[in-house]
Chemist: 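Before we start, here is the structure in question, set down as structure tokens.
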Amino acid sequence: MLKDRGCGELNKEHVGTSVTLAGWVDRRRDHGGLTFIDLRDREGIVQVVFNPEVTESYQQITSEARNEYVIQVTGEVAVRPPGTENTKLATGEIEVIARSVKILNTSKTPPFYINEDSEVDESLRLKYRYLDLRRARMQKIMILRHQVVKFIRDFLDKKGFIEVETPILIKSTPEGARDYLVPSRIHPGKFYALPQSPQQIKQLLMVAGIEKYFQIAKCFRDEDTRADRQPEHTQLDLEMSFVEEEDILKLIEELFTSMVETVRPGMRLLKPFPRISFAEAMDLYGTDKPDLRFGLEISDLSDIAAETDFSVFRSVIADGGQVKGISAPGCADYSRSQLDDLNRLAQSLGAAGLLTIALDSSVDSLEVLTMDMVKSVAAKFLTLDQVREMSRRLGAGTGDLMLIIAGKPELVNTVLGELRQEMGCRLELADPELLAFTFVVDFPLFACDEKTGRLESMHHPFTAPKAKDIPLLDSAPEKVHGRHYDIVCNGIELASGSIRIHIAEMQRKVFRLLGYTDEEMEELFGHMLEAFEYGAPPHGGIAPGIDRIVMLLAGEKTIREVIAFPKTQNAVDLTFNAPSPVSQQQLTELHLSIVEEQ
Ligand code: ASP
């Protein structure tokens, strides 16, 4: 190689040895007749001293080398003169006295600083991603990602899993998003779909007797550009035969626990991982992705609200609605504009409004509270006992602010779930070093589409119904629970999985409930139904998102930060400028023509 060591690897033990290094000029300083270059490579930075008396081609380096030039240096490792050590640098006790130097390549002035972790416009970073990735912060993330994937491979290998690659050009898979399609040149008018996940293929691998499969799999979903999604993401896809829910949950808990302990030993976990049912999660946290790093649980106040003279409460309850709330500790003195902000947030989520009740902090117990210490537009419709009872339910004390929403049950939960998240963030209640992994279980098998009234899979159509609920499939399918589990961490859904249907007749029944005709079933899923007739074993699996895991471990806020070449939120690759038009010849070969939008 053109180098025999990493710059950042050098230390006092190497003093007196000769080394050849190669890397990028991080910074250059000239003084006292000497030139100093901080030389950077993936391992870190070391100071190299160029001395006209010692260094061959000294002139060339001093007249030419600038930031980001690629150079090769051979020299001796020496202790820095006393008083010139740099405690901020891992190699700060030593320097390399250059004997010879060669410029391997020049560099234009980069569009942003590579040697600083300064704020840079994201589109510029994405256009020059190869320069962005050269920055120390991004290199650290790429290394962490490598460690995570390596950990997964080693862990699952020890547990007897084998990695199987599955095709990228397949047939459409129903995972709830839109497919990316690839037109076939050889079969005019026909298309492959890119897998939204290898769901059906991994199930076929179970029929094939693989028993324990995994893959670091690319998944493609043409989703609307919202939230933190990417057109392609990476999953740890796994599937096992002869298992029940508990086997998968135990495996995943052990995998995540030992992964965090290995790659991020400073971070803490809740052990064992809490388990919460879907219904409980919706009730207490207003979401099936609860952030358990803090409390602020939602409580039902409907019975108290029904007794008040507040007409808003009474009419919502008479309409079959609910009144629920949370307590924001220490927020009783929130200003008008802070309250308006929260009200706007509630309204943007569909609530008619947010009712706040502030409990004056001038007294220190609810027992001595009087009505003139209760600040709320509804105060005149409430008795002191009702306020006290609501406070007790919400765990609010004096000095706290109660946030109350009235409306349809689902809306109330959603809005309070968001308000809870917002207050947790404003009050910095979440410990940044805590990873609150949580299993969510007992999901309904189906959700009902409000507009069409049709049943939809809560997870996907291959999820098995719970055995005890099978008799309800014909009479009350909406009451059937699925053998579906999710793992959530710090409010982010990391994975969904389930025990699958492995009996063809049951699979047909579920497809029928989802509204597929027998012909559609055969056309779309005939291969699965047929496979199940050749001794399909009971099986189940899960598929955690690698990008999200690395994002949490790296303490980043978007998955774009942990993907080498991500797309923008608008699904554009700025480095390659994709998507882009193709030639007429390519279109003709693919039997395609472009219809301009009117
Ligand atoms: N294939 C599913 C998904 O991508 C996960 C699973 O059920 O294993 O969400």
Side-chain angles (χ1 to χ4, degrees), residues 152 156 161 163-168 170-180 193-207 210-223 227-241 243-253 255-256 278 288-289 439-447 456-466 481-489 492-502 507 510 514 525 528 536-549 559:
I152 291 172
L156 292 175
F161 282 77
E163 187 167 2
V164 181
E165 285 172 73
T166 56
I168 293 294
I170 58 160
K171 185 160 161 160
S172 179
T173 51
E175 298 275 345
R178 216 173 275 117
D179 284 318
Y180 276 103
L194 304 184
Q196 292 189 33
S197 89
Q199 182 61 39
Q200 297 181 45
I201 316 172
K202 69 176 172 177
Q203 291 192 241
L204 294 181
L205 287 173
M206 294 303 106
V207 184
I210 294 293
E211 292 197 29
K212 291 180 176 182
Y213 143 91
F214 86 100
Q215 182 182 193
I216 306 297
K218 281 276 186 184
C219 303
F220 305 86
R221 298 181 187 182
D222 187 0
E223 291 182 286
D228 192 18
R229 299 281 169 100
Q230 282 280 308
E232 51 184 299
H233 70 277
T234 311
Q235 286 185 345
L236 156 59
D237 192 42
L238 71 83
E239 197 75 8
M240 295 169 84
S241 292
V243 286
E244 298 190 316
E245 288 86 330
E246 200 53 37
D247 303 297
I248 306 275
L249 299 193
K250 269 208 190 113
L251 176 87
I252 289 296
E253 181 157 344
L255 169 69
F256 281 127
F278 171 77
D288 58 357
K289 309 172 203 15
F439 287 118
V440 183
V441 295
D442 293 337
F443 282 84
L445 186 62
F446 302 111
E456 289 177 344
S457 294
M458 194 74 176
H459 183 209
H460 51 53
F462 309 106
T463 299
K466 287 213 169 172
H481 289 88
R483 298 181 72 181
H484 162 192
Y485 33 79
D486 273 5
I487 182 160
V488 170
C489 183
I492 292 166
E493 184 187 313
L494 282 188
S496 286
S498 57
I499 300 298
R500 328 294 184 185
I501 297 168
H502 66 285
Q507 187 66 74
V510 168
L514 289 168
F525 306 109
M528 296 295 283
H539 60 284
I542 192 163
I546 301 277
D547 310 299
R548 291 183 181 178
I549 294 167
I559 58 171

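All ligand and atom numbering here is 1-based and tracks the order in the structure.
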Chemist: Taking atom CD as the centre, does E246 end up with more than 12 heavy-atom neighbours from other residues, nucleotides or ligands that are less than 6.0 angstrom away?
Modeler: yes

Chemist: So Q200 and P195, do their side chains get closer than 4.5 Å, heavy atoms only?
Modeler: no

Chemist: Just jot down the side chain to side chain donor-acceptor pair (under 3.5 Å) partners of T166, sequence neighbours excluded, or say none.
Modeler: Q215

Chemist: Is ligand 1 under 4.0 Å from a heavy atom in the side chain of E239, in the backbone, in both, or in neither?
Modeler: neither

Chemist: What part of A543 sits under 4.0 Å from ligand 1 if we count only heavy atoms: the side chain, the backbone, both or neither?
Modeler: both

Chemist: Tell me every residue that passes side chain to side chain donor-acceptor pair (under 3.5 Å) with R229, counting only those two or more places apart in sequence or in another chain.
Modeler: E223

Chemist: Taking non-hydrogen atoms only, is E493 closer than 4.0 angstrom to ligand 1 via side chain, backbone, both or neither?
Modeler: neither

Chemist: I'd like to check which ligand 1 atoms, numbered from 1 as shown, lie under 4.0 Å from a non-hydrogen atom of S197.
Modeler: 1 (N), 4 (O)

Chemist: Which atoms of ligand 1 sit under 4.0 Å from any heavy atom of I542?
Modeler: 8 (O)

Chemist: Tell me whether D442 is salt-bridged to K466, with the criterion being a basic N under 4.0 Å from an acidic carboxylate O.
Modeler: yes

Chemist: Which bit of Q235 is near ligand 1, meaning a heavy atom under 4.0 Å away: side chain, backbone, both or neither?
Modeler: side chain

Chemist: Mind checking whether H460 has an N or O less than 3.5 Å away from an N or O of ligand 1?
Modeler: yes

Chemist: Can an N or O of D237 be found at a distance shorter than 3.5 Å from an N or O of ligand 1?
Modeler: no

Chemist: Just jot down the ligand 1 atoms closer than 4.0 angstrom to any heavy atom of S496, in number order.
Modeler: 5 (C), 6 (C), 7 (O), 8 (O)

Chemist: Any non-hydrogen atom of Q203 lying under 4.0 Å from ligand 1?
Modeler: no

Chemist: Taking C-beta and beyond as the side chain, do F462 and M528 meet within less than 4.5 Å on heavy atoms?
Modeler: yes

Chemist: Indicate yes or no for a side-chain donor-acceptor contact from D547 to the backbone of T234 under 3.5 Å, with no hydrogens or angles considered.
Modeler: yes

Chemist: Who's closest to atom 4 (O) of ligand 1 heavy-atom-wise, of H484, K202, R221, R500?
Modeler: R221

Chemist: Any side-chain heavy-atom pair from Q203 and H502 closer than 4.5 angstrom?
Modeler: no

